[in-house]
Enquirer: 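The structure follows.
We name chains A, B, ... by the order of the sequence lines, and we start the count at 1 in each one.
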4 protein chains.
Amino acid sequence: MARPRNTESDALILAAAAEALLQDGYDGLVVDEIARSVGVAKTTVYRRWPTKNHLVVSVVAGWQGVVDVPNTGDEADDIANDLTTIAGGMCHVLDPAPIRRLVAELAAARMRDDDLGSAVDRLWSDRRAATAAVLERGIAGGALRRDLDPEVVTDELAGAVYYRVLITGGSLDDAYARALVRTVLAGAR
Amino acid sequence: MARPRNTESDALILAAAAEALLQDGYDGLVVDEIARSVGVAKTTVYRRWPTKNHLVVSVVAGWQGVVDVPNTGDEADDIANDLTTIAGGMCHVLDPAPIRRLVAELAAARMRDDDLGSAVDRLWSDRRAATAAVLERGIAGGALRRDLDPEVVTDELAGAVYYRVLITGGSLDDAYARALVRTVLAGAR
Amino acid sequence: MARPRNTESDALILAAAAEALLQDGYDGLVVDEIARSVGVAKTTVYRRWPTKNHLVVSVVAGWQGVVDVPNTGDEADDIANDLTTIAGGMCHVLDPAPIRRLVAELAAARMRDDDLGSAVDRLWSDRRAATAAVLERGIAGGALRRDLDPEVVTDELAGAVYYRVLITGGSLDDAYARALVRTVLAGAR
Amino acid sequence: MARPRNTESDALILAAAAEALLQDGYDGLVVDEIARSVGVAKTTVYRRWPTKNHLVVSVVAGWQGVVDVPNTGDEADDIANDLTTIAGGMCHVLDPAPIRRLVAELAAARMRDDDLGSAVDRLWSDRRAATAAVLERGIAGGALRRDLDPEVVTDELAGAVYYRVLITGGSLDDAYARALVRTVLAGAR
DNA sequence: AGCTAAGCGAGACGGTACGTCCAGTCTTTCG
DNA sequence: CGAAAGACTGGACGTACCGTCTCGCTTAGCT
């Protein structure tokens with residue numbers, strides 16, 4: 001009965017917001033600017049997303065990538081390989097500076113707002129699930145200790161990577177992924 | 001030669017800022033209000049910290065406190081205990097929600113501004129150094145593998161904790177610290 | 001096409017500013033206070049006048065009001081009367097101390113900023129034009145010398161008044177206006 | 001017994017203040033800056049002049065120039081010549097833009113503070129006295145009308161010049177001085 | 001075909017904080 | 001005591017965004 005919303009605008013706004021978020025971080029994303037850059041009125045943005053936070057949630061939700069679970073076999077070496085594949089993928093994806101900045105912004109955004117929080121959580125959950133899947137296969141197949149808590153091992157693996165991304169700024173490459181997986185599997189003792 | 005800064009003011013400002021930060025979060029901390037509540041001119045605040053961000057970093061730096069390196073002995077069990085002490089301390093400090101929010105803000109701030117970045121880096125370095133010290137003692141005393149890379153193990157330990165703080169939101173307590181250290185030492189295999 | 005400015009606010013702001021200006025002088029006029037007293041956001045003031053100075057110019061412009069050209073006839077005496085009317089009006093308007101202060105501020109502001117400068121120029125132009133009009137009528141009607149330069153005579157008349165306002169601080173009243181016009185017309189010789 | 005004041009500083013401060021006043025106007029003169037540029041502590045400035053205004057007064061007082069009264073004779077033409085000399089001198093001195101700016105600043109300063117006011121008044125009084133002296137000689141010698149009010153004629157002459165300086169921005173040169181004196185003497189009628 | 005409800009652009013508005021700038025005073029140490 | 005250095009109070013300025021609002025125009029789709 002009424003004039004329908006222009007769905008194209010949605011996409012353009014999201015794209016512009018995504019770029020701004022990547023480039024200038026949460027605070028650098030200015031709703032007014034997004035609207036102007038897309039050639040849309042600020043009202044049009046606010047009609048779709050009642051808040052800047054809501055907009056950011058949408059943007060982040062759109063980044064959801066598909067992570068497939070590597071599976072080269074059930075032997076101990078296969079499990080190690082598969083974990084290295086996952087860790088290497090994380091290193092590869094998270095190493096570039098703009099991505100690091102973004103991850104930091106998202107970590108901060110996660111805290112600001114519950115809606116945003118769960119959107120961000122959903123972002124990371126896939127890769128986390130992949131790791132857990134490999135670990136459980138390893139446990140089931142006997143390649144890993146039966147009493148292992150996959151949760152904790154996942155924290156070690158992913159944690160080390162995110163720690164370098166967010167806290168130390170340390171470099172991330174395949175060599176690091178290999179060393180990390182090796183140490184996690186072998187233990188320190 | 002000139003009139004010295006009133007060091008008492010520093011402390012009062014930091015205290016007020018800390019309280020505001022914990023109570024109302026980053027955005028809830030208003031420089032003007034801090035100054036007024038302490039009975040100091042806003043300029044006095046800005047003379048010490050050029051930016052609200054810098055002030056917040058100082059506040060958090062004050063929280064970090066002194067981290068002393070635990071040392072209960074060189075046996076394998078002692079090393080494990082000492083690492084658990086460190087990990088437990090981190091869990092204890094970083095668990096409360098307002099602190100998590102702050103750590104996230106700081107991680108983001110670290111990326112935005114080099115000045116701030118190094119201030120934040122200094123924040124974490126102490127605890128990181130403590131962990132490394134214990135690990136090296138373990139290696140030297142034969143309690144840990146000779147070929148171990150302390151860097152990587154530190155990443156695993158601290159990384160897991162920060163990962164829960166920033167990414168998953170998982171809980172952090174002594175039990176977790178113990179489980180984490182156990183797994184790191186024993187390995188997954 | 002957009003929401004129109006609330007013209008009532010303009011008037012209220014100008015009124016409040018005028019009052020403050022007269023009561024407390026230029027420095028006593030505080031934009032923030034004006035806004036609050038009118039019940040308007042400070043931004044609303046700054047949207048209309050980019051600077052406190054601009055606001056003051058507007059206020060004064062409003063004081064200038066419409067100057068109509070007196071015209072009692074073409075005889076020599078009529079011209080003299082009309083000139084006296086204009087000069088008397090100027091004396092009347094410019095005599096009060098706060099106004100003198102303002103005129104001085106405006107003269108200074110005129111030099112500092114081109115934008116402001118032309119605004120101030122517009123302020124004075126009306127009365128200047130009125131004087132010139134009467135003079136030209138006098139020349140055309142034969143009451144004044146044919147070879148007279150109206151520009152110079154206007155300078156003499158208005159100049160004397162502003163000179164007293166800005167430089168000597170001399171008093172300004174109807175008697176002075178009459179004496180001035182008489183001398184200008186009769187010459188010194 | 002006590003350390004004597006460094007009198008050289010006085011001169012340096014005044015010089016710096018004068019330059020700042022000329023270049024950037026009253027508001028552009030910043031006490032802090034003056035002190036720093038001279039290599040003196042702000043306190044040193046404030047010990048000598050309790051207020052920025054007082055400093056400005058001193059500066060202006062220092063500008064006092066000597067104006068001598070031209071006297072080529074008592075004939076009507078001589079009086080005209082002498083007046084033209086004075087008017088031409090004023091035009092010459094006041095025409096340059098920085099001087100115009102300064103005159104405006106002084107007019108404004110005059111209003112701000114009584115002390116400053118009288119200092120500024122003293123600045124102009126010499127030239128004003130010179131004009132009056134010539135006029136009185138003219139009256140006494142019969143070259144000018146006996147019933148002339150020298151005050152008013154001075155206003156006309158000086159006023160026209162200052163009017164162009166401060167209000168219209170009109171040009172000032174010898175030709176203008178001649179035209180002005182001619183019109184003042186001959187009258188408009 | 002016309003009515004009508006909603007979309008839309010433009011931009012005004014209230015509100016809140018930020019960081020900056022100066023005047024004038026105060027405090028310390030040195031000569 | 002004078003001077004240099006610079007901290008301190010106090011107050012205003014102008015800026016930046018957020019989220020809401022008010023216009024007048026445009027555009028479906030129901031009557």
Enquirer: Any donor-acceptor pair under 3.5 Å linking the side chain of B/Arg101 with the backbone of B/Ala97?
Expert: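 The answer is no, because no donor-acceptor pair under 3.5 Å joins these two groups.
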Enquirer: What is the distance, rounded to the nearest whole Å, between atom CD of D/Glu33 and atom C1' of F/dG6?
Expert: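 These atoms are roughly 16 Å apart.
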Enquirer: Between atom CZ in C/Arg36 and atom P in E/dT16, what is the gap in whole Å?
Expert: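 C/Arg36 atom CZ is separated from E/dT16 atom P by 13 Å.
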Enquirer: Check whether the side chains of D/Trp49 and D/Ser58 place a donor and an acceptor atom closer than 3.5 Å, and report yes or no.
Expert: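 The answer is yes; a qualifying pair exists.
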Enquirer: Here's a test of your reading of the structure: between B/Ala2 and D/Tyr26, which maps to the more 5' nucleotide of DNA chain E?
Expert: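 It is D/Tyr26, whose closest nucleotide lies nearer the 5' terminus.
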Enquirer: Can you tell me the distance, in whole Å, between the CD1 atom of B/Ile13 and the P atom of F/dA7?
Expert: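 These atoms are roughly 13 Å apart.
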Enquirer: Short question: side chain of C/Ser9, backbone of C/Arg5 - any donor-acceptor pair under 3.5 Å?
Expert: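 Looks like no, no N/O pair under 3.5 Å.
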Enquirer: Regarding E/dG24, can its base be found pairing with the side chain of D/Lys42 as donor and acceptor, where the two atoms are less than 3.5 Å apart?
Expert: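 Result: at least one qualifying N/O pair found.
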Enquirer: Look at all strands and tell whether B/Asp27 reaches a base, only sugar-phosphate, or nothing, counting heavy atoms closer than 4.0 Å.
Expert: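 No contact.
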Enquirer: With DNA chain F as reference, determine whether C/Leu29 or B/Arg5 sits nearer its 5' end, using the nearest nucleotide of each.
Expert: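 Counting from the 5' end, the first nearest nucleotide belongs to B/Arg5.
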Enquirer: Please answer whether the main-chain N or O of C/Thr168 pairs with a side-chain N or O of D/Arg110 as donor and acceptor at a distance below 3.5 Å.
Expert: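 Yes, because the side chain of D/Arg110 sits within donor-acceptor range (under 3.5 Å) of the backbone of C/Thr168.
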Enquirer: Quick one: A/Ile34 CD1 to E/dG9 C1', roughly how many Å, whole number?
Expert: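 The answer, rounded to whole Å, is 17 Å.
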Enquirer: Report yes if at least one side-chain N or O of B/Arg3 is closer than 4.0 Å to OP1 or OP2 of F/dG6; otherwise report no.
Expert: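 False: B/Arg3 side-chain N/O out of range (4.0 Å or more) of F/dG6 OP1/OP2.
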Enquirer: Counting only non-hydrogen atoms, which of residues 43-56 of chain C are less than 4.0 Å from DNA chain F?
Expert: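 Listed by number, they are C/Thr43, C/Tyr46, C/Thr51, C/Lys52.
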Enquirer: Classify the nucleic acid contact of B/Gly39 as base, sugar-phosphate or nothing, counting any heavy atom under 4.0 Å across all strands shown.
Expert: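 Result for B/Gly39 = sugar-phosphate.
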Enquirer: What residues, two or more places apart in sequence or in another chain, satisfy side chain to side chain donor-acceptor pair (under 3.5 Å) together with D/Asp113?
Expert: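 Listed in chain order: nothing, the list is empty.
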Enquirer: Checking C/Lys52 against C/Tyr26: charged group under 6.0 Å from the ring centre and within 45 degrees of the axis?
Expert: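 Flagged: C/Lys52 positioned over aromatic ring of C/Tyr26.
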Enquirer: Using side-chain contact (heavy atoms from CB on, under 4.5 Å) as the criterion, list what pairs up with B/Glu19, not counting sequence neighbours.
Expert: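 Only B/Gln23 meet the side-chain contact (heavy atoms from CB on, under 4.5 Å) criterion with B/Glu19.
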Enquirer: Rounded to whole Å, how long is the line connecting atom CG of B/Asp32 with atom P of F/dC13?
Expert: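 Going from CG in B/Asp32 over to P in F/dC13 covers 15 Å.
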